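Below: one structure, written as structure tokens.
Since we're looking at a predicted model, the values are computed, not measured. Below, chains carry the letters A, B, ... as their sequence lines are ordered, and counting in each starts from 1.
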Amino acid sequence: MDTCTDYRDKDTHTPEYNRDVADDRRRILARTRLRRQQTSIIIHFDCFYAAVLENETPKLRNLPLAVQQKQIVVTCNYEARRRGLYKLQPIKEAKRVCPEAVIVLGEDLTRFREASKKNYSFLASFSWNSKAERLGFDEVFMDVSDMIEYNVGLLNHNHLTNSFFCLARNDPTAGFAYDASRVAGHTYPPDLAPPDLAPPDLVIDSPVQSDERLRLHLTLASHLAKHLRQQLEAQNGYTCTVGISTNKLLSKLAGNLHKPDDQTTLWPPYTADDSERDNVTSFIDGHEVGKIPGIGFNIAQKLRAHVLQREAEIDAGLVHGGTKEGVLAGHVRKHPDMGPETLERILGGPGVSHGIGGKIWRLLNGCDDTEVGLARHVPKQISLEDSYLRLDTMEQVLKELRMLAESLLKRMHADLLEDNEEEEEEEEEEEHGEDIVAVRHVTAVTPTDTIGKRWLAYPKTIRLSTRPRPPQTIDGSTRNRSFARISKSAPMPNFVFSLKDDVGEISARLVSESLVPLFRRLHPEKSRWDLSLVNVAATNMVDAASEKSRGVGRDISKMFKRQDHVLKQWRVDDYESKISAMEINQVETRGHHGRQTILLREHSIRGSEDFPTSSQESSLRNDAKWESEHEDDDDDDDDNGGHAMVGDDKFVCELCGAAMPIYAMATHSRFHKHERG
DNA sequence: GCGGGGAAG
DNA sequence: AATTCTTCCCCGC
């Protein structure tokens, strides 16, 4: 075993020997508990926000450029940074430090959002497995394991210097030439031993396992990254900074080492007999705790307090990262008794995710097994907000709500609508005749002939949030605990999905029928409030059942088979007539057990007149009978007030057979009430 | 489902 | 200190 120290030439009876054995056992134990995955290759891209403006106006490129929102600089280019500007700097200070800076108003994020979408789609289009995840507007993770694996298989180990990277499995000519005997770009640590030629004939048992194979995989990934960077610049005009490693945490951190417009590969060994000597540990150890992604301000403060044995001070003078304490990840990791249990004790508490200790411990050790998310076409939520120096009259509030509502509508149209191509895809295959029957019914009701557009997803909920101005305590003790927002939500009214009505009309109606009632729920007093922020959001996004997704039909037939005790009360024609009146949406419940359920949801746009407005709905709220005490349910299946329990905490509606957690049932029964008229 | 909280750029 | 304008995820109920 290469992970075990060899003791053969040591005296087996000295205390040193015993200590070594103990240490080694502990290390091995620790390592097996948090085995670093070396099965994936992840690339992290960091594009650049301010570049959007530079590209629009190239002469800005060499000038110090800052983007202003309200009273602060939200971002700035490197020239501005060189002259002392920084993120979240007060605009006054920025002007004092660098009067010649060009300051651009950037409260409207449309252009940034569009650039972000364009760059993201471009990068994601290279992916084979669709694992391409956006983080904020300017970062993208890609899991390129499959591309790398495939291209390792293509290598001719006798001619590594003349290799060809294949970008498409079905087109051997798509790709680029490269030198597989050398890494592209920088590495950490910087000075590599003379070129590590891969051994000519290694047993290829994927996935990556040995350091040797990992080196080879990372080398290929570095060339892929370089190619993607070049393409992004050539095709879209954006440079980016890239990190290459085996997980999201490490690739993101590695990228920081050489910016802007460059790339860094975190080089093996990722594990070593002496845990201090592997590159991952030394790399992570050197980071200030708060710099580890996943360790936010609160957790960082608690960790600092623990190693310093006192509250960590927040140095106002050190806005640009870090505190004057300078507590490093390594300090925390090596602190006496440190480990997942200790961390759980320090960090855990009400509202904190269970297992936070283990999670932070893994981060401190460079371990991160979170998957790169699948590429997504539609957002999960759309929200807009504005902040104010003073907002304390209903008149102002109405004005703001109108603006926000109209912007929200426009965003929904921009981000959730798709051109309605009438391509009637032929029904290929299939072995289950019943699937196809179900699919046909769904297809028949999707809005087609409206205005040449169709909804890709429907937000089911509208939410209004405000941030009351923090109460000014005149006494010195500023225990301003609450800089929090408060929110209320309601069903998204159906009329917003109309494609024939005027946007202005719809948003006016949205204000009067949804947002104003929500505002009254948030702020029942006539006056007395002063808001510093208002936010409206369209949330609870449900994908529209698309003609293309055969998965819907499958799941329906699965539901028939699995839950016939519930569904037998339906005659088939009954079911089909209901189906034709509804669109079927697949809903992923992220409940405790992550089970998939199917909800049947009305959304026929033409029928929307009969449908309740949010104010009507909220007056129908009848939550009382669902009040808690579902704690100790016994599992007797059927006698549950008309709802069959299908296991754990899922219930099945006796009217439509939908399975759902108990919390969802109040709303669901309201749905049936309206359905009946 | 609802409302709050935390993390990220 | 928290500042902006978002997006996503998790918790307890």
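Atom CD in E371(A) sits about 18 Å away from atom P in dC8(C), given to the nearest Å. Separating the CE atom of M403(A) from the C1' atom of dC5(C) is a distance of 14 Å, rounded to the nearest angstrom. Rounded to an integer number of Å, the gap from CZ of F112(A) to C1' of dT7(C) is 17 Å. When the P atom of dC5(C) is taken as reference, atom CG of L404(A) falls 10 Å away, rounded to whole Å. With rounding to whole Å, R463(A) atom CZ is found 11 Å from dC2(B) atom C1'. Spacing between atom CD1 of I356(A) and atom P of dC9(C) amounts to 16 Å, rounded to whole angstrom units. Atom P of nucleotide dG1(B) and atom CG of N540(A) are separated by 5 Å, given to the nearest angstrom. Distance K117(A) NZ to dT6(C) C1': 15 Å, rounded to the nearest Å.
Between Y458(A) and F497(A), the distance separating the two ring centers is shorter than 6.0 angstrom.
Among dC5(C), dC9(C), dT7(C), the nucleotide with an atom closest to any side-chain atom of D386(A) is dC5(C). When each of dG3(B), dT7(C), dT3(C) is scored by its nearest atom to the side-chain atoms of S489(A), the top-ranked nucleotide is dG3(B). Closest to the L88(A) side chain, of the nucleotides dG1(B), dT4(C), dT6(C), is dT4(C). If you check dG3(B), dC9(C), dT4(C) against the side chain of K488(A), the one that comes closest is dG3(B). Looking at the side chain of T461(A), the nearest of the listed nucleotides dT4(C), dC8(C), dC2(B) is dC2(B). For R521(A), whose side chain is taken as the heavy atoms from C-beta onward, the closest listed nucleotide among dT7(C), dG3(B), dT4(C) is dG3(B).
Partners of K252(A) by side chain to side chain donor-acceptor pair (under 3.5 Å), not counting sequence neighbours, listed by chain and number: E139(A). Taking the salt bridge (charged side-chain N to carboxylate O under 4.0 Å, His left out) definition, one finds that R390(A) meets it with D392(A), sequence neighbours left out. Applying the salt bridge (charged side-chain N to carboxylate O under 4.0 Å, His left out) rule to R463(A) yields no partners; only residues at least two apart in sequence or on another chain are considered. Annotation: salt bridge (charged side-chain N to carboxylate O under 4.0 Å, His left out) contacts of R411(A) (sequence neighbours excluded): D415(A).
Note on S387(A): a side-chain N or O is less than 4.0 Å away from OP1 or OP2 of dC5(C). Side-chain N/O atoms of S383(A) include one lying less than 4.0 angstrom from OP1 or OP2 on dT7(C). Between R467(A) and dT4(C), a side-chain N or O to OP1/OP2 separation shorter than 4.0 Å is present. A sub-4.0 Å separation between OP1 or OP2 of dT7(C) and a side-chain N or O of R376(A) is absent.
Of the two residues near DNA chain C, G349(A) and L109(A), the one whose nearest nucleotide lies more 5' is L109(A). Of the two residues near DNA chain C, S353(A) and P379(A), the one whose nearest nucleotide lies more 5' is P379(A).
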Kindly give the atom pairs (protein nitrogen or oxygen, nucleotide nitrogen or oxygen) under 3.5 Å for nucleotides 5-9 of chain B.
{"residue": "dA7(B)", "atom": "OP2", "partner": "N298(A)", "partner atom": "ND2", "Å": "2.9"}
{"residue": "dA8(B)", "atom": "OP1", "partner": "G294(A)", "partner atom": "N", "Å": "2.4"}
{"residue": "dA8(B)", "atom": "OP1", "partner": "I295(A)", "partner atom": "N", "Å": "3.3"}
{"residue": "dG9(B)", "atom": "OP1", "partner": "K252(A)", "partner atom": "NZ", "Å": "2.4"}
{"residue": "dG9(B)", "atom": "O3'", "partner": "D138(A)", "partner atom": "OD1", "Å": "2.3"}
{"residue": "dG9(B)", "atom": "O3'", "partner": "D138(A)", "partner atom": "OD2", "Å": "3.3"}

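The residue Q89(A) sits apart from the nucleic acid: no heavy atom pair falls under 4.0 Å. As judged by a 4.0 angstrom heavy-atom cut-off over every strand, I486(A) is placed among residues touching the sugar-phosphate backbone only.
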Just do the side chain to side chain contact (heavy atoms under 4.5 Å, CB included) check on L416(A) and I382(A) with the steps written out, would you? CA-CA 10 Å; L416(A) 303 180; I382(A) 295 173; 4.0 Å; yes
Taking only distance into account, with no hydrogens and no angle test, what donor-acceptor pairs under 3.5 Å do side-chain atoms of residues 70-78 of chain A form with protein atoms, sequence neighbours excluded?
{"residue": "K70(A)", "atom": "NZ", "partner": "D386(A)", "partner atom": "OD1", "Å": "2.6"}
{"residue": "K70(A)", "atom": "NZ", "partner": "S387(A)", "partner atom": "O", "Å": "3.4"}
{"residue": "N77(A)", "atom": "OD1", "partner": "L65(A)", "partner atom": "N", "Å": "3.0"}
{"residue": "N77(A)", "atom": "OD1", "partner": "E79(A)", "partner atom": "N", "Å": "3.4"}
{"residue": "N77(A)", "atom": "OD1", "partner": "A80(A)", "partner atom": "N", "Å": "2.9"}
{"residue": "N77(A)", "atom": "ND2", "partner": "E54(A)", "partner atom": "OE2", "Å": "3.1"}
{"residue": "N77(A)", "atom": "ND2", "partner": "L63(A)", "partner atom": "O", "Å": "2.8"}

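dT4(C) and dG3(B) have their C1' atoms separated by 23 Å, with the value rounded to a whole Å.
Contact check on R469(A) versus D530(A) returns a salt bridge, with a Lys/Arg side-chain nitrogen under 4.0 Å from an Asp/Glu carboxylate oxygen.
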